[in-house]
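The sequence lines fix the lettering, A, B, ..., with proteins before strands; numbering per chain opens at 1. Quick caveat: nothing in here was measured; it's all calculated off a predicted structure.
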Amino acid sequence: MRQRVAITGLGIVSAIGNCVNEFADSLFAPKAGIHPITLFNTKGFPVKSAAEIRNFGPFTYPDRKVAYAARAITEAIAQSFGENGVPREKVTVLSLGLKHNFVSFPEMVSANFITIGPDECAQQISKAAGIQASPWIYTAACTASTVAIGTAARAVADGEIDVAIAGGTSSCVSPEWLLTYALMGALNTDANCAAETACRPFDRNRTGMILGEGAGFLILERESSARARNAPVLARICGFGSSLDAYHVSDPCPDGAGALSAMNAALKDARINPEDLSAINAHATGTLKNDSAEAAAIRRLLDGVSHETPVFATKPFTGHLLAASGAVETIAVVSCLTQQKLHPTLNLVDVASDCKLNHVLKNRHLPLRYILKNSFGFGGQNACMVLEKGDSLDE
Amino acid sequence: METSEYLQLDGYHFAAPTSLSVGSGLVLSEGTEAETTELTQETVEPKQLKIMAKPDRLLTQAALAAVKQAGLTDSDLKTDTGIYVTTGYQTGFGEFALPAARSFTRGSDTQDSELETNYWADFAKAVTESVNPRFLFASIDSPLFHVSKALGIQGPSVIMSPSAAQWFQVLRAAWRDLKDGKVRFALLCATAEMRSTLSRLQNARMNPSELRTPVDTATCMVLRKGTAPGRIARISLRRTRHPHSNFGELGSVPELNADAGPVTPSLAILLSLKNSGAKEIHLTRIDHDGALAVQVSRR
């Protein structure tokens, strides 16, 4: 990227915390957010667990993801700009990763399943969060919010815009989405599996992913701009890359070629080499095929360089937030950079033979500078981002 | 209006040595125009054809035609080309869900927990037994998969939806990748199924006074850096209304008096180019989210 892009604010609503401090505390506790579903009765459903939002309060908007996004954006803006919000003279964009969602339970019945479209959702989020920002709406499956952040960062770096409110939101813990993903064979449908341990990326006994909900947003601006107003530089985005592999409509290329291409593109954009990475935050859904392909890609990336680069995954805490997963996990990465320690990959007890990597099994303190964030989606969509530690640690 | 070689976005100016239309493809389903390569088992694998929803098929046709016209080779396509897509509402699950919703409609004020439990249990059973899994793959981002699969493209991608405003953001993303040398070619794509039940209901809810005829269509333009012909001379996006306001006046494709959703800008460009013989066009549109006015001008 031409100019360094600073992350000056973070906001989150997740199953392990409805603010960034609570979220980070849970990551390092460590404490998972996956529990038996309470949003609706799961009698007759093949899936009983999810990472639901708790203790959120009443919903003002019919779609939960609007409320989640508004809360997260408000927190991020307050951290970056204070109570006065983003100055009106700043050219601001709301860069948003969304799943084309059905109106969530229970409203979907009365609404006859008519969707709230992404544009309408963006409007509602802007109104609820009290922001004036042009909407950029990305619908790139599970890479959507990573693409939203990465492309917004490039626009900031190029001077096209001043401020990006970038992230994603999801409310996919609903009957129709659970059934959709269950029919695809992507979810853990093991009735004997305890909810807290249902998401087991890279484990020999992994059987599928667990859906989650929530939102994560970051405030992005040029570092020079952030410094000029004494804003906190929590971390930097210094590289972004994407690729297509079109191997299969829902399966990744088994040798990880598409994932590898996106990782290399992000490193090239950041102008660093694989050996410069302090760690990799894996997409790691807990499905047989994703984890195997991603592990193969990471091994190829690090081949001949270092097999000691730590790899860690966030979904056992938060569930899979689909379009919002990249944003929420990026905030986890920033938390790790800020605290100079990696959170563990929960529930990884017996590493699968096809997933051998230097996994982080418990909190690990180490000097962290660059962390690679991976996001991969159905249809062979791959997006990766390189984050660098923030200023407070340089000074 | 004076011709200028730059893109203007919200007051920002930047050089844009990016050219339009070294190749283009346009598919209007049951419309008046069709310059396309028919999808056959020679061009697309049978398994892929089976899982294609209408916007997937339309866009893949348009992309094949555009790439053929541009003369791109397999090696050009593999990693030197990116795909940049705007797409509209997808039917997907909705074709099942709408009739299901009717058969499962019940009072929203029910307090009967047993009734509630049985309702969802019956719903789960019906979905599990009735849904054709291929509908599940007709998600909003599936056109991206099908184009990359059909053409073997492995480069970067962006997919946005569902309004015409997003088409211009996709154009900007393509331009940025061309400018930065991340790709040599960019497929600027748009596809929408505006005549589906779900799209009609959605539009009726959002724009009850809208009377234009919806059309299903897809376009694809091959962009590359710094060559003629068919240059977009100037594009300006300006905020005309507060994004929180209600939906603004809808634009249309003048030649068709039709609503093509997010395909509208590119459809208008291609139709104007075709009909007038010009290489540049003038287009004014206020997007339906009321946030942006878009103008493409030429001398």
Whether over 12 other heavy atoms sit under 6.0 Å from K48(A) NZ
yes
CG/L151(B) to CG/L244(A) distance, rounded to the nearest 0.5 angstrom?
11.0 Å
Rounded to the nearest 0.5 Å, the CD1 atom of I137(A) sits from the CD1 atom of I159(B) at a distance of 12.5 Å
d(D141(B) CG, K99(A) NZ) to nearest 0.5 Å is 6.0 Å
One should read off an interatomic distance between S161(B) OG and L98(A) CG, to the nearest 0.5 angstrom, of 8.0 Å
Please report the interatomic distance NE2(H248(A)) to NZ(K149(B)), rounded to the nearest 0.5 Å.
8.0 Å
Out of curiosity, R176(B) CZ to D158(A) CG, how far, rounded to the nearest 0.5 Å?
6.0 Å
Distance-minimising heavy-atom pair for A246(A) and S148(B):
CB-OG, 3.1 Å
Distance-minimising heavy-atom pair for Y138(A) and V158(B)
CE2-CG1, 3.7 Å
Please flag which part of A144(A) lies under 4.5 Å from any non-hydrogen atom of chain B: side chain, backbone, both or neither.
neither
For chain B, find which of G258(A), G380(A), G379(A), A140(A) contributes the most heavy-atom pairs closer than 4.5 angstrom.
G379(A)
Among the listed options A148(A), A122(A), S242(A), A262(A), the residue most often paired with chain B at heavy-atom distances under 4.5 Å
S242(A)
Going through the distances and angles, do K182(B) and R154(A) end up as a side-chain contact (heavy atoms from CB on, under 4.5 Å)?
CA-CA 13 Å; K182(B) 293 185 184 297; R154(A) 286 183 65 194; 3.4 Å; yes
N/O donor-acceptor pair under 3.5 Å between S243(A) side chain and Q154(B) backbone:
no
